[in-house]
Number of protein chains: 2
Amino acid sequence: MSRSYGQYCGLARTLDVVGDRWNLLIVRELLIAPARYRELLDGLPGVATNLLTDRLRDLETAGVIERRLAEESNAIVYALTPWGAELREPIEALIRWSTPLMMRGPGGDRFRAEWLVVALRALLAGRPHVRRSSTIGIAVDGQLLQVRATRSGIEVSLHDGRALDAVVRADASIILGLAAGGLILDEHVEVEGDEAAVRAVLNQD
Amino acid sequence: MSRSYGQYCGLARTLDVVGDRWNLLIVRELLIAPARYRELLDGLPGVATNLLTDRLRDLETAGVIERRLAEESNAIVYALTPWGAELREPIEALIRWSTPLMMRGPGGDRFRAEWLVVALRALLAGRPHVRRSSTIGIAVDGQLLQVRATRSGIEVSLHDGRALDAVVRADASIILGLAAGGLILDEHVEVEGDEAAVRAVLNQD
DNA sequence: CTGCATCCATTTTGATACTG
DNA sequence: CAGTATCAAAATGGATGCAG
């Protein structure tokens, strides 16, 4: 754990807990789903193994994450505590703030479709609720995500096999632009199925 | 600027810009008000002068802050750009997340009443709006803040001399507990003036 | 294999002294 | 006041080792 700021300020105390390098990205991975050590390594390209171990211990000590023994196997699984899961809100706000940075496209950066699960939820939350439920697929980077919009809100996840009203295929930056509301559904986007469902889910009616 | 995470993910790109040590605390100071170099040093106890200079340059290059020449004097003043000011939302979310950490009290940490201007706004935002406008003073650590609640929302600032319906005097941790809704206005709090106004502003009717 | 621990070169930080 | 310069200590990234 790095040095404390020594300030009686909420922001400083939060950063004392999650401000160290990699910490919030670990939380991002666990917001997608609980994960094993190896899955975290894969989802955090560039992290050194000793650092990941250190950070997991720091976050556990702080009460942000917990180790669980997966049923059946005796493997360790890392998961967010209830308090840790509340980091979703600040993380979503940080993701919304990044929109101008993301519009520049990926450049040479690595990309994982799972990251979009967190980002799409962040960008679509707080949009007006739809009148009629729809589920659309997002085909990106060879993977398929699903976004289900109902009267009570939005759910984003990896595709679980359910029926889809439509499938949108586009680059990640285009998907993000659509979700952020800065792009209009037109070119660079391939839609199969019910285009009205896509417009409804993205609130582009 | 520290090494990029190299991930095409909104959180990672945000942290590439504001994730370095001290960066978000600098933004916090500028959310209170534009400030000169010396004021920033005072508001960031513990920062080294070379680091502050580096960070200010990084944030300026990234477009988060800008240097202005103060009118009348030819002094440099640092201020948030419009995009930088949008960091208020993620910072407020991080402050709300810190509530359990702040309830432990200041311990040996340093405290500045100005920090409460950001924190109180974060904690009171999103509360139901009051029916009748009131302005109350918060006397803490020898300084006086003011919180004005109107039908259109909440404003928090240092006291500007306006008439106050009441003045609350308490320790910072008590003030935060009241604003977070986890404490009830009773002991440890000294109220002069219209106690109903205090309850109205804190939504403790 | 997984889940670390150890070692080491490189960066970053913090503290202080100094300058225009 | 607004920074620079210097330097020791700490953190990081990368490679490798190793037990269950």
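- Residue pairs meeting the salt bridge (charged side-chain N to carboxylate O under 4.0 Å, His left out) criterion with at least one partner in residues 152-162 of chain A, sequence neighbours excluded, are A:D160-A:R162.
- Close approach of DNA chain C to chain A, defined as any atom under 4.0 Å from a non-hydrogen atom of the protein, starts and stops at C:dT2 to C:dA15.
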Which pairs of donor and acceptor atoms, one on a side chain in residues 25-35 of chain A, lie under 3.5 Å apart (sequence neighbours left out)?
residue : atom : partner : partner atom : Å
A:R28   : NH1  : B:Q7    : OE1          : 2.8
A:R28   : NH2  : A:G43   : O            : 3.3
A:R28   : NH2  : B:Q7    : OE1          : 3.0
A:E29   : OE2  : A:W115  : NE1          : 2.8

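- When the local axes at the two ends of the helix from C:dC1-D:dG20 to C:dG20-D:dC1 are compared, using 5 base pairs at each end, they differ in direction by 30° after rounding to 10°.
- Atom CG in A:L52 sits roughly 14 Å away from atom P in D:dG14 (whole-Å rounding).
- In this model, the phosphate group of D:dT4 is not approached by any side-chain N or O of B:Y37 to a distance below 4.0 Å at OP1 or OP2.
- Residues satisfying the side-chain hydrogen bond (donor to acceptor under 3.5 Å, both in side chains) test with B:R68, not counting sequence neighbours, are B:E66.
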Result block: side-chain N/O donor-acceptor pairs under 3.5 angstrom for residues 120-130 of chain A, not counting sequence neighbours:
residue : atom : partner : partner atom : Å
A:R127  : NH1  : A:L202  : O            : 2.9
A:R127  : NH2  : A:A179  : O            : 2.4
A:H129  : ND1  : A:R151  : O            : 2.7

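- For B:D194, the side-chain hydrogen bond (donor to acceptor under 3.5 Å, both in side chains) criterion is met by no residue, not counting sequence neighbours.
- Where B:V47 and A:L56 meet DNA chain C, the nucleotide closest to each residue was compared, and A:L56 sits on the side nearer the 5' end.
- Here A:R13 pairs with B:D109 in a salt bridge; the nearest charged N to carboxylate O distance falls below 4.0 Å.
- Atom CD in B:E39 sits roughly 16 Å away from atom C1' in D:dG3 (whole-Å rounding).
- Heavy atoms of A:I76 sit under 4.0 angstrom from primed sugar atoms or phosphate atoms, though from no base atom.
- Residues passing the side-chain hydrogen bond (donor to acceptor under 3.5 Å, both in side chains) test with B:D58: none are found, sequence neighbours excluded.
- Annotation: side-chain hydrogen bond (donor to acceptor under 3.5 Å, both in side chains) contacts of A:D171 (sequence neighbours excluded): none.
- For the salt bridge (Lys or Arg N to Asp or Glu O under 4.0 Å) test, residues two or more places apart in sequence or in another chain that qualify with B:D42 are B:R38.
- Pairs passing the salt bridge (charged side-chain N to carboxylate O under 4.0 Å, His left out) check and including a residue from residues 138-150 of chain B, sequence neighbours excluded, do not occur.
- Between the side chains of B:Q146 and B:S157, at least one donor N or O sits under 3.5 Å from an acceptor N or O.
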Give every pair of a protein N or O atom and an N or O atom of nucleotides 10-12 of chain D that lie under 3.5 Å apart, one pair per line with the distance.
residue : atom : partner : partner atom : Å
D:dT12  : OP1  : A:R55   : NH2          : 2.8
D:dT12  : OP2  : A:R55   : NH2          : 2.6

